[in-house]
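What follows is a set of notes on a single structure, which appears directly below.
Letters go in sequence order (proteins before strands), and every chain restarts at 1.
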Amino acid sequence: MKKWSESAPSRVPSLTVRELAGLLACPFEGDGERKIFGVSSLEKAREGDLVFLAQPKFRNLLEATRASAAIVPAGETFRGIPVIFSDNPHLTFVKAVDLFFKPYRLDPGIHPSALVSPSAVLGKNVAVGALAFIGDDVEIGEGSVIFPLVSIYPRVKIGEQTVLHSHVSIREDVKIGSRVIIHNGAVVGSDGFGYIQTGDGSHQKIPQKGTVVIEDDVEIGANTAVDRAALGETIIRKGAKIDNLVQVAHNVEVGENTILAGQTGLAGSVTIGKSVVVAGQVGVADHVNIGDRVIIAAQSGITKDIPPDSFVAGSPHLDIRDWRKVWVLLPQLHDFIKDVKKLRARVEELEKKQKK
Amino acid sequence: MKKWSESAPSRVPSLTVRELAGLLACPFEGDGERKIFGVSSLEKAREGDLVFLAQPKFRNLLEATRASAAIVPAGETFRGIPVIFSDNPHLTFVKAVDLFFKPYRLDPGIHPSALVSPSAVLGKNVAVGALAFIGDDVEIGEGSVIFPLVSIYPRVKIGEQTVLHSHVSIREDVKIGSRVIIHNGAVVGSDGFGYIQTGDGSHQKIPQKGTVVIEDDVEIGANTAVDRAALGETIIRKGAKIDNLVQVAHNVEVGENTILAGQTGLAGSVTIGKSVVVAGQVGVADHVNIGDRVIIAAQSGITKDIPPDSFVAGSPHLDIRDWRKVWVLLPQLHDFIKDVKKLRARVEELEKKQKK
Amino acid sequence: MKKWSESAPSRVPSLTVRELAGLLACPFEGDGERKIFGVSSLEKAREGDLVFLAQPKFRNLLEATRASAAIVPAGETFRGIPVIFSDNPHLTFVKAVDLFFKPYRLDPGIHPSALVSPSAVLGKNVAVGALAFIGDDVEIGEGSVIFPLVSIYPRVKIGEQTVLHSHVSIREDVKIGSRVIIHNGAVVGSDGFGYIQTGDGSHQKIPQKGTVVIEDDVEIGANTAVDRAALGETIIRKGAKIDNLVQVAHNVEVGENTILAGQTGLAGSVTIGKSVVVAGQVGVADHVNIGDRVIIAAQSGITKDIPPDSFVAGSPHLDIRDWRKVWVLLPQLHDFIKDVKKLRARVEELEKKQKK
């Protein structure tokens with residue numbers, strides 16, 4: 001039956017252990033001609049699968065696995081199946097997965113049902129899916145993939161090899177880099193939430209005339225919202241990774257390689273440094289500045305600036321050590337208050353006796 | 001004026017109390033020929049409405065109602081209007097509502113503007129709305145309804161009588177059961193959020209090559225996101241109900257008949273048992289296992305496994321009884337610390353006197 | 001190159017300080033013929049920009065600005081550049097921004113790829129973008145703008161000058177007022193989350209046969225969800241402003257000019273008064289009533305009614321003053337418990353001596 005412009009996921013039919021080790025630039029031991037067809041976890045592997053051993057303590061799983069080859073740490077002595085050696089088995093495994101699995105993408109070309117403005121400029125090998133909308137003066141770089149039903153407002157600039165999934169909205173004038181992935185339903189460039197109260201209690205909207213810049217290698221999760229700046233730019237720096245349902249308000253700057261986990265919210269004008277890890281459901285109050293390499297535990301509420309290399313938790317946040325002390329003690333509060341009552345009784349007793 | 005393929009909400013013109021009681025398989029007393037045209041609450045009912053009395057303590061509302069008939073608990077003595085008896089008046093009322101009200105659905109047929117791949121296989125009486133996209137090798141079972149502007153990626157399998165509302169995205173290879181309802185903007189099968197840090201601080205994406213399985217009778221709320229597994233499947237078991245804006249990360253398993261309220265987030269590889277109730281804005285940390293019939297209060301943060309039949313609250317969570325003790329005592333902390341200061345003064349006084 | 005039906009953002013080429021002051025109805029001093037081309041912040045202004053000084057304490061920024069004119073408080077003595085006087089410089093500035101900047105809108109007219117039911121009634125100068133879907137019996141008032149890929153279910157009524165951005169879903173029978181703005185991906189009228197447990201542990205869906213009413217001048221953020229009522233109406237009153245990713249459950253009523261910040265969630269049947277400010281990530285439990293002019297701090301959890309004019313924080317919430325006391329004391333809990341131990345030792349010592 002005739003197919004459309006979608007390609008099936010392309011799978012390498014098989015690789016030998018020797019070929020695999022070569023592609024991964026790692027040494028191996030054992031039968032180099034054994035064929036590998038896919039990847040799996042130690043527990044679920046079947047014949048033909050490649051697995052990896054992250055830590056020596058899981059060696060018993062490796063001994064029991066049905067896999068045909070394994071990536072193992074440099075010093076590992078297990079030889080039950082062919083082994084490929086790596087200083088970072090997990091990372092090497094991820095690279096191996098990439099050899100066997102390509103995520104689903106559209107083939108290049110513009111689907112006849114897509115609406116592409118005549119003034120839009122599309123690079124070589126761009127794919128535009130069915131019923132996608134691309135507005136005036138949009139520019140899309142080579143090899144980018146626009147899935148069905150995406151909406152790109154006028155004057156948006158998109159780099160190369162970027163992927164926008166169905167139901168993504170990119171608002172007017174937004175700039176998006178190369179190798180960016182934006183998942184379904186995410187919105188980039190919606191108006192920031194800014195009002196001034198007028199005399200009668202109603203709210204006058206502050207025009208949101210800025211835009212959003214998404215740098216290269218950023219990933220944005222499903223149904224996440226990144227608001228445009230009131231003036232200037234909301235910026236997501238190179239290599240930042242943002243999970244699903246995250247709120248990024250106007251004029252925020254998210255630093256290079258920073259991670260924002262699911263349902264986290266950053267209020268207006270927050271700045272976050274490089275290589276920060278913000279766990280899920282965290283809230284950061286407006287205008288707060290967070291230093292490089294900070295770690296913020298899940299559900300924290302951040303109302304003050306955080307210096308670089310801190311690890312914080314709680315709402316409002318404390319240093320993680322202080323926070324842990326508090327949360328160990330809180331459940332003991334009841335007993336503790338009882339203890340004080342007893343102590344008071346003893347003091348009363350002492351006072352009585354002393355009076356005598 | 002000509003209508004499209006949408007049906008108006010079909011309403012039964014009227015039923016007599018006798019017919020109604022028959023359809024509900026309940027006994028009744030009073031005028032069996034009285035006509036009922038709709039349903040309402042006790043307070044807002046008008047002539048022609050059916051209402052229900054959940055508990056005897058609201059009898060005064062029943063006495064004042066303008067409704068034409070009521071479903072009442074088995075022992076109820078009120079006879080001011082015809083009464084239908086039920087051991088579970090609320091459940092019987094819900095079944096009665098179903099007799100008077102059908103939610104809006106599309107009529108069967110494929111809208112000429114929909115883009116359906118020639119390799120897709122659609123069952124009898126499937127409805128596909130305007131501008132919907134259905135990819136290669138998709139299968140949709142009998143009677144399912146795909147609303148306008150839905151996007152279904154290739155190789156998705158959908159059961160019978162399932163409903164996908166506008167702007168739902170179903171990603172490649174996802175499996176969805178029968179009688180599932182997915183509300184507007186929900187995303188099923190977006191990539192899980194998984195990276196490995198490389199030496200230079202950048203994050204290498206871990207391919208998300210698994211998929212999602214949504215079993216029968218599941219409901220998923222508006223703008224909720226369910227990520228595909230890294231390897232294997234993210235699973236939502238039969239009868240689970242998920243509210244709006246919920247985050248379900250990769251490799252999660254949600255048990256049968258479990259309820260996840262709005263804005264709750266489940267991190268990667270969480271497993272939740274059967275008939276669990278998770279209230280709103282709860283966060284569950286990765287790899288946590290939650291037993292059957294657990295209840296989790298709103299805004300809780302769950303970082304450790306929870307045994308079956310527990311009721312927990314707080315972030316990090318405590319048993320509900322311990323949590324309540326803490327939150328009763330916390331506002332007293334200030335006074336309590338003052339008390340200890342006073343006690344210390346008294347001890348000092350005692351010490352002074354003893355020295356003399 | 002030919003353009004589509006989108007207009008470029010219309011910008012006034014320039015205004016003199018005199019013209020500007022006239023349009024803003026404010027007095028000015030300095031060179032009235034100086035030309036202003038745009039607006040900016042004090043720090044980022046370039047020649048030709050208008051800026052504003054909110055508070056005298058930022059006068060040093062004003063002295064250093066490269067802007068060509070400034071809006072200043074009534075008493076300000078700075079005369080380095082032409083100044084326009086206002087009792088509320090920020091509000092006057094916002095009005096000035098409106099003179100220089102019009103947000104991107106579609107030109108009136110129906111894009112040929114839009115699917116508009118023949119029974120829909122559209123007012124004068126309505127714009128309907130590419131690939132938008134408008135169902136049977138929908139009514140849209142004069143000057144409203146429906147962006148590409150919007151889905152409007154049957155029987156929806158929309159007022160005048162209302163704007164719906166791409167990927168907005170408006171479900172059947174919803175009523176929306178005039179001058180409403182709904183951002184991308186927002187859903188209005190999805191089913192409320194209501195079930196009754198049946199004997200076998202499964203959940204029977206309670207039909208959600210009500211609807212949603214959005215009054216005039218409301219703004220709704222990206223990917224926010226507003227559920228339809230089970231019976232009756234979910235209501236968002238005139239002038240309320242709702243941020244991104246907010247959850248509004250069935251039968252909620254949000255009062256006039258009330259503000260709901262990002263990721264806040266209101267459970268079923270909550271009522272919120274007028275001019276309330278709910279900060280981000282707040283949760284309000286079902287059936288709670290919140291009075292007029294209440295302020296709720298971020299991440300609060302509201303489980304009980306709140307009287308008018310309160311300011312609360314915490315989960316569960318406390319009066320803000322009590323909450324602050326608790327959060328000042330909590331980090332001291334560890335030291336405090338130590339103190340009590342020492343005190344106990346002293347009491348023991350006293351007891352020993354007394355026995356002698």
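- When each of C:Gly265, C:Ala285, C:Ala132, C:Ala267 is scored by its heavy-atom pairs under 4.5 Å with chain B, the top score falls to C:Gly265.
- Contacts of C:Glu172 with chain B are made by side-chain atoms alone, with heavy-atom separations under 4.5 Å and no backbone atom involved.
- B:Phe147 and C:Tyr153 have their aromatic ring centers within a separation under 6.0 angstrom.
- Note: B:Phe58 and B:Phe52 fail the aromatic proximity criterion, with ring centroids not under 6.0 Å apart.
- Ion pairing between C:Asp191 and C:Lys205 holds under the 4.0 Å rule for side-chain N and carboxylate O.
- Ion pairing between B:Asp216 and B:Arg179 holds under the 4.0 Å rule for side-chain N and carboxylate O.
- Contact annotation for B:Leu131: only side-chain heavy atoms (C-beta onward) come within less than 4.5 Å of a heavy atom of chain C.
- The contact between C:Leu318 and chain B is made entirely by side chain atoms (from C-beta outward), counting heavy-atom distances below 4.5 Å.
- Both the backbone and the side chain of B:Leu91 come within less than 4.5 Å of a heavy atom of chain C.
- Of the atoms belonging to C:Val282, it is backbone heavy atoms, and not side-chain ones, that fall under 4.5 Å from chain B.
- Using a 4.5 Å cut-off between heavy atoms, C:Val246 contacts chain B through its backbone alone, with no side-chain atom that close.
- For C:Asp322, no part lies near chain B; criterion is any non-hydrogen pair under 4.5 Å.
- Ion pair B:Lys238/B:Glu256 not flagged as a salt bridge, since none of the NZ, NE, NH1 or NH2 atoms sits closer than 4.0 Å to an Asp/Glu carboxylate oxygen.
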Pair C:Asp286, C:Ser269 - check side chain to side chain donor-acceptor pair (under 3.5 Å), show working. CA-CA 6 Å; C:Asp286 60 285; C:Ser269 301; over 6 Å; no
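- Looking at B:Leu245, the atoms closer than 4.5 Å to chain C (heavy atoms on both sides) all sit in the side chain, from C-beta outward.
- With a threshold of 4.5 angstrom between heavy atoms, C:Gln281 approaches chain B through N, CA, C or O but not through any side-chain atom.
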Are C:Thr211 and C:Asp173 close enough, and set up right, to give a side chain to side chain donor-acceptor pair (under 3.5 Å), and what steps lead you there? CA-CA 6 Å; C:Thr211 185; C:Asp173 301 299; 6.0 Å; no
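- Contacts between B:Lys44 and chain C at a heavy-atom distance below 4.5 Å are absent for every atom of the residue.
- Heavy-atom distances place the side chain of C:Leu231, and not its backbone, under 4.5 Å from chain B.
- Neither the backbone nor the side chain of C:Thr303 comes within contact range of chain B; no heavy atoms are under 4.5 Å apart.
- With a 6.0 Å radius and a threshold of 12 heavy atoms from other residues, nucleotides or ligands, B:Asp87 has its CG atom at or below the threshold.
- Interface summary for chain C: among B:Gln299, B:Gln332, B:Lys274, the most heavy-atom pairs under 4.5 angstrom belong to B:Gln299.
- With respect to chain C, the highest number of heavy-atom pairs below 4.5 Å among B:Asp98, B:Asn244, B:Ile181, B:Leu333 belongs to B:Asn244.
- At a 4.5 Å heavy-atom cutoff, B:Leu329 makes no contact with chain C through either its backbone or its side chain.
- In this structure, chain B has no heavy atom under 4.5 Å from any part of C:Ser166.
- Contact annotation for B:Glu348: both backbone and side-chain heavy atoms come within less than 4.5 Å of a heavy atom of chain C.
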